[in-house]
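Here's the structure we're looking at; comments come further down.
Keep in mind that the numbers below use all heavy atoms, side chains included, and drop hydrogens, waters and symmetry copies. Every chain is numbered from 1 and lettered A, B, ... according to where its sequence line falls, protein lines coming before strand lines.
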Protein chains: 2
Amino acid sequence: MVLEIGHEADRCDCNVIHEDVVERVRLTMPREEDLYDLAEFFKVFGDSTRIKIISALFKNEMCVCDIAYLLNMTQSAISHQLRVLRQARLVKNRKEGKIVFYSLNDEHVKQIFDQGLNHINE
Amino acid sequence: MVLEIGHEADRCDCNVIHEDVVERVRLTMPREEDLYDLAEFFKVFGDSTRIKIISALFKNEMCVCDIAYLLNMTQSAISHQLRVLRQARLVKNRKEGKIVFYSLNDEHVKQIFDQGLNHINE
DNA sequence: ATAACATATGAACAGTTGAGCAAGTATCGA
DNA sequence: TCGATACTTGCTCAACTGTTCATATGTTAT
């Protein structure tokens, strides 16, 4: 098999390659960077503490302390996770004196959450 | 504040708790176990290698070697990740002699994938 | 049988991540 | 101004995860 210059087959250690299929697929795939961002996005959903927080905020905005109480975890742990959710733009907050209320910040979240539930319940 | 017997406020180290809100939220939340499974499910999407594999399989079924070639990774690495995807019931495979072809196994996957893309592109 | 090859798997290792602790910031009330 | 309180953040460590290497399994051709 003739490899083109610069062809990225350095690590692939097998021979049966359906070149036509691979190249066709390559054309349809999103940019590498977008796929990376997408994985980062789903990573945020991939932790049970964060999923619980998201699930809780569907019903009501809540302050950090309420969430810590609800989930029986330290305020620090919740605050750390809220930061992750904030950075992913999944939650927003408003301040009322000392108290910070968090709520969801995205319309897609509920749909993604529910479709995930569909999958695990089928 | 009076704590009920067996109340799970052991680790919460603050005082301002909106009990009514918290208890109302608690009633609407899915079972702990389902939330755990949901996090496990999203964890599978939270790795760029697996996202690339999923993204590739939208277009065509492919053998392990094709995927390794496409992503310029070792066959072993791909095989390991395909196992994760298989265990999450996201892909299925069919065997043709020595070659194993993988394809997607779920209708929700495309929707979840696309809604994730919506989020990062907004 | 034996060789060749596509894929799977186990162990090891590096890198990442979540939680707790302790210290810090910001706001309120006295 | 001072203490109390709601929250945030830096650090550390144990636990987890993805990749590689070496090896095993299963299929085909000779």
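Residues forming a side-chain contact (heavy atoms from CB on, under 4.5 Å) with B/Thr28 (at least two apart in sequence, or on another chain): A/Lys59. Residues satisfying the ring-ring contact (aromatic ring centres under 6.0 Å, His included) test with A/Phe58, not counting sequence neighbours, are A/Phe113. Partners of A/Cys63 by disulfide bond (SG atoms under 2.5 Å apart), not counting sequence neighbours: none found. Listed by chain and number, the residues in a side-chain contact (heavy atoms from CB on, under 4.5 Å) with A/Glu96 are A/Arg94, A/Phe101 (sequence neighbours excluded). Scanning for side-chain contact (heavy atoms from CB on, under 4.5 Å) contacts around A/Arg83 gives A/His80, A/Arg86, A/Gln87, with sequence neighbours left out. Evaluation of the side chain to side chain donor-acceptor pair (under 3.5 Å) rule for A/Arg24 yields no partner, not counting sequence neighbours. When the side-chain contact (heavy atoms from CB on, under 4.5 Å) test is applied to B/Glu33, the partners found at least two apart in sequence or on another chain are B/Arg31, B/Asp37. Considering only residues two or more places apart in sequence or on other chains, B/Asn93 meets the side chain to side chain donor-acceptor pair (under 3.5 Å) condition with B/Tyr102.
The closest donor-acceptor contact from the side chain of A/Arg50 to the backbone of A/Phe45 lies at 3.5 Å or more, if one exists at all.
With rounding to whole Å, A/Ile78 atom CD1 is found 13 Å from C/dG20 atom C1'. As a whole-Å value, the separation of A/Asp47 CG from C/dA19 P is 6 Å. Taking atom CD of residue B/Glu40 and atom C1' of nucleotide C/dT17, one finds them 14 Å apart after rounding to whole Å.
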Discussion item. Return a single string for nucleotides 5-16 of chain C, one symbol per nucleotide in 5' to 3' order, where B is base contact, S is sugar-phosphate-only contact and - is none, cutoff 4.0 angstrom on heavy atoms.
Written reply: BSBBBB------
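Within the structure, disulfide (SG to SG under 2.5 Å) pairs that include any residue of residues 84-122 of chain B do not occur (at least two apart or interchain).
Heavy-atom contacts of chain A under 4.0 Å fall on DNA chain D between two terminal nucleotides, which in 5' to 3' order are D/dT5 to D/dT20.
Contacts with DNA chain D (heavy atom under 4.0 Å) in residues 52-60 of chain A: none are found.
Across the interface with DNA chain C, nearest-nucleotide mapping of A/Thr74 and A/Lys95 shows A/Thr74 to be the residue nearer the 5′ end.
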